[in-house]
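Just so we're clear, the structure is a prediction, and the values are computed from it rather than from any experiment.
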Amino acid sequence: MATKISNDGYKEIFNISPAAILVIGIDAPLYTILDVNEAYLILINKTREALLGKGILSAFPVDPTEEESKNIESIIFSFERVISSKKQHTLINCRHASPRRGREEFREQYWTTTNIPVLNENGNVKYLIHSTAKKAELNKLGEKEKTRFEALKNQRQQLYSTFMQAPVGIAIFRGPEYIVELINPPLCELYAKTAEEMLGKPVFEVLTHAKGIGFEELLDNVLLTGKPFRGQGLASPLMRSGKLETVYLNLVYEPFREDDGRISGVIAIATDITEHINAKLQIEEAEERARLAVDAVGLGTFDLNLLTGEMITSQVFANIFGFDAPVPRREYVKVIHPDDQELRSKAHKAAPETGRLFYEARVVWPDKTVRWVRVEGRVYYGTTSIPVRVLGTLLDITEQKKIKEALAESEQLLRNITTAAPTGLWMADAAGGITYVNKTWIDWTGLPFERHLGAGWLKAVVQEDKEKVLEKFANDLAKRIFHEVEFRINHSDGTIHWCVVNGGPQYRNEGTFVGYIGACVDITEQKHLERQKDDFIGIASHELKTPVTSIKAYAQVLEKMLLKKGEIKEAGMISKMDMQLNRLTSLIGDLLDVTKINTGKLQFNNSEFNLNILVKELVEDMQHTTSQHTLIESLAPPVVVWGDRERIGQVITNLISNAIKYSPNADEIIIQSELKENEVTLSIKDFGIGIAEQNMDKVFEQFYRVSGNLQHTFPGLGLGLYISSEIIKRQGGRIWVTSREKEGSTFGFALPLRNKKKT
């Protein structure tokens, strides 16, 4: 049975202990020796009485012949460190010259001493246990040791070269202050310091930002215990280029041992893995962002182990299936609609071969609500090409299904409407290619749907009209404006039909142009009526021209007779009748010109003539018709043009006459010409009522007149501008108008210079 050891027992154990031990008080600076055991007395060859009660300095005198001794300083330093840190401390290879017994000379000896604190119940240091181990004496360097010294020197040189060439950072920190004795280039680069800045200095005096965060304790533990330390991915603050950075290191601290086995320092090995750690952090951040993005768009995720059947799902996945939290795979399978179970099974069976899992199915929630889901996944294979897992996503597509069904219904309704429509309907993309025609157009042309796509619809257009149709559509497409054109088609009934096509430009919500949507109306009957009308007008105008001419002649003769008789009033009435006959003659002439234009019978007698002379003659004549307006000429140098002088004069007269008519409150009309490249332009500018923007593209149409309150203010049939436009076009020129309502209009035309093409 074990018994308690008495104090005398402890004293006996202390005295017979083989370790040399002193018990020392903490009464600095004396550090009184409180007790000593037999092993220590034998080791130093002294008596107990020579030591007990004496201070450490008086008990161990220093060699008076030694000029400088650091032994006592080291011992005192060790005492102070133990008292302050309350941790043991070891002095390795401590040199001390002790006096020889009975002699006045000293002998040199080396010791390893360890000082251990003994704490009281309050945790404070009561006294120190000073343990000493005597080391073999170092022989004086002499001739006999030169060979050994050289070998040691070579070994150290090889070790130095190895350290310097190592691909990782290596350093040796010596002593309790961790003086940098050796440091290689990779570690200097890591610390952003030069070797000169590091060598011979305590490492934490140079790397001040690494001080006080735990690295000193790691080094202390290695130095005192001899146990290596290995750390992975340790964060270390380092000052680089004046900026404090955090680098991540793999650290190894190994004890540095002398030849006799004592530990005199620490070998530090550091590998910079900052890039690896940062990359890992970036991957983790990317994964987290991806997870947040997936959650934000309502995507559920799953990881299915094909070998075990186990499936890991996200919270969103469970919610889409109607569960509050993730459940085992079999629970998910149970809620899939019975009619869709087979479809799901087929998709899973096909996935290992195709590498992809995809199906859409219905799930029934606990409240009997039916939802549509879309499952998509990718199959991953093991090293033996065996499918091992499926990673994928789940999306609730119930609303999409509803929208798709509603869209399908709308499309069917639209298809029914377009099929029943009596007009041809069409769609074109942004490049002008036809993407859709309805059944009406297909019935008209007798060609199948596919033949009309792209530019195929032109096959139905009469050959003579194709160029005009293409040019008009290309111009309108380029300008993104409303499109309208008339042309003929080869009808499926074997006859030629007239059509008028119009279409409006289409845009997405953000303003992107996507093409045209339009309609095509069969105007064959209208064209026949117009032809009959033109024929009637032509016949009527021709038949009216002869009697009107006769009446005008009789009126002129009658006017002269009345003037000769002195009947001035009656002659004035005949003169007014003659003026009305002039108007009637002009209207008949316009109707005849329109008929000739529509039937292609308008004749031109082209020749060279000076445009400036023609303009001056006409301006002089027109000035006599108005006393209110001043006709101002601003003409370019004289130019010679090739064309029908009479017809071009008809155009100029019409434009000046309109300017006078439609500017009742103005007093100026400007006639201006200009040479531009190979053409001459002539413009007539008034300051009258102007034209509304929406009506400017109609002024050159047949029978167009000002609408609204001004309709009956200005007389005429609305044929003058139409005739002028056709004359200029047939002379190889172009005509246009610019205007602002209530500010006036400018009508202009351009003719090529010396264009001698026959018409």
So which heavy atom on [X] is nearest to which on [Y], and how close?
| X | Y | result |
| --- | --- | --- |
| I648 | F609 | CD1-CZ, 3.7 Å |
| A430 | L477 | O-CD1, 3.8 Å |
| P752 | Q731 | CD-O, 4.1 Å |
| A347 | Y359 | CB-CD2, 3.6 Å |
| S745 | G690 | OG-CA, 3.5 Å |
| C499 | I489 | SG-CD1, 3.8 Å |

What do the steps show when you test L751 against F749 for side chain to side chain contact (heavy atoms under 4.5 Å, CB included), and what is the final call?
CA-CA 7 Å; L751 293 172; F749 66 86; 3.8 Å; yes
Does R645 form a salt bridge (Lys or Arg N to Asp or Glu O under 4.0 Å) with E617? I'd like the steps, not just the answer.
CA-CA 12 Å; R645 190 178 192 275; E617 291 176 357; 3.1 Å; yes
Residue pairs meeting side chain to side chain donor-acceptor pair (under 3.5 Å), one or both in residues 618-636, sequence neighbours left out, come to K616-E633, T626-H629, H629-S663
Would a 4.5 Å heavy-atom cut-off, applied to side chains only, mark [X] and [Y] as touching?
| X | Y | result |
| --- | --- | --- |
| L682 | V615 | yes |
| R647 | V651 | no |
| L447 | I442 | no |
| Y436 | W441 | no |
| M622 | I660 | yes |
| H491 | I496 | no |
| D476 | Y516 | yes |
| W426 | I434 | yes |

Under 3.5 Å, is there a donor-acceptor pair between the H497 and W444 side chains?
no
Would D644 and Q650 count as having a side-chain donor-acceptor pair, cut-off 3.5 Å?
no
Could you go step by step and tell me if D522 and W498 meet the side chain to side chain contact (heavy atoms under 4.5 Å, CB included) rule?
CA-CA 6 Å; D522 189 326; W498 275 93; 5.5 Å; no
Would you check if the side chain of [X] reaches a backbone N or O of [Y] as a donor-acceptor pair within less than 3.5 Å?
| X | Y | value |
| --- | --- | --- |
| N438 | L425 | yes |
| N695 | I691 | no |
| T398 | W372 | yes |
| T512 | R508 | no |
| S724 | G720 | yes |
| K479 | A474 | no |
| T746 | I684 | no |

Can you list, pair by pair, the side-chain donor-acceptor contacts under 3.5 Å of residues 455-463, counting residues two or more places apart and other chains?
{"residue": "Q463", "atom": "OE1", "partner": "K466", "partner atom": "NZ", "Å": "3.4"}

Got a sec, which residues hit side-chain hydrogen bond (donor to acceptor under 3.5 Å, both in side chains) with N612, two or more places apart in sequence or on another chain?
none
side-chain hydrogen bond (donor to acceptor under 3.5 Å, both in side chains) with R374: which residues, sequence neighbours excluded?
E360
Determine, step by step, whether F358 and V375 satisfy the side chain to side chain contact (heavy atoms under 4.5 Å, CB included) criterion, reporting the C-alpha distance in whole Å, the side-chain angles of both residues, the deciding distance to 0.1 Å, and the verdict.
CA-CA 5 Å; F358 178 85; V375 178; over 6 Å; no
To the nearest 0.5 Å, how far apart are [atom1] in [X] and [atom2] in [Y]?
| X | Y | atom1 | atom2 | answer |
| --- | --- | --- | --- | --- |
| M696 | R740 | CE | CZ | 10.0 Å |
| R451 | L453 | CZ | CG | 11.0 Å |
| F700 | K729 | CZ | NZ | 8.5 Å |
| N502 | T423 | CG | OG1 | 9.0 Å |
| L618 | N654 | CG | CG | 11.5 Å |
| K404 | Q400 | NZ | CD | 9.0 Å |

Would you say the ring centroid of F513 lies under 6.0 angstrom from that of Y507?
yes
CD (E743) with more than 12 external heavy atoms under 6.0 Å
yes
Is the count of non-hydrogen atoms from other residues, nucleotides or ligands lying under 6.0 Å from R378 atom CZ greater than 12?
no
Pair listing, salt bridge (Lys or Arg N to Asp or Glu O under 4.0 Å) test, anchored in residues 487-507, at least two apart
D465-R488
Residues N658, F747; criterion side chain to side chain contact (heavy atoms under 4.5 Å, CB included); working and verdict
CA-CA 10 Å; N658 281 350; F747 283 84; 5.8 Å; no
Would you mind writing out the side-chain donor-acceptor pairs for residues 668-681 within the sub-3.5 Å range, not counting sequence neighbours?
{"residue": "S673", "atom": "OG", "partner": "A636", "partner atom": "N", "Å": "2.7"}
{"residue": "E679", "atom": "OE2", "partner": "R734", "partner atom": "NH2", "Å": "2.5"}
{"residue": "T681", "atom": "OG1", "partner": "E674", "partner atom": "O", "Å": "3.3"}

Strictly below 4.0 Å, N to O, side chains only: are E376 and R356 in salt-bridge contact?
yes
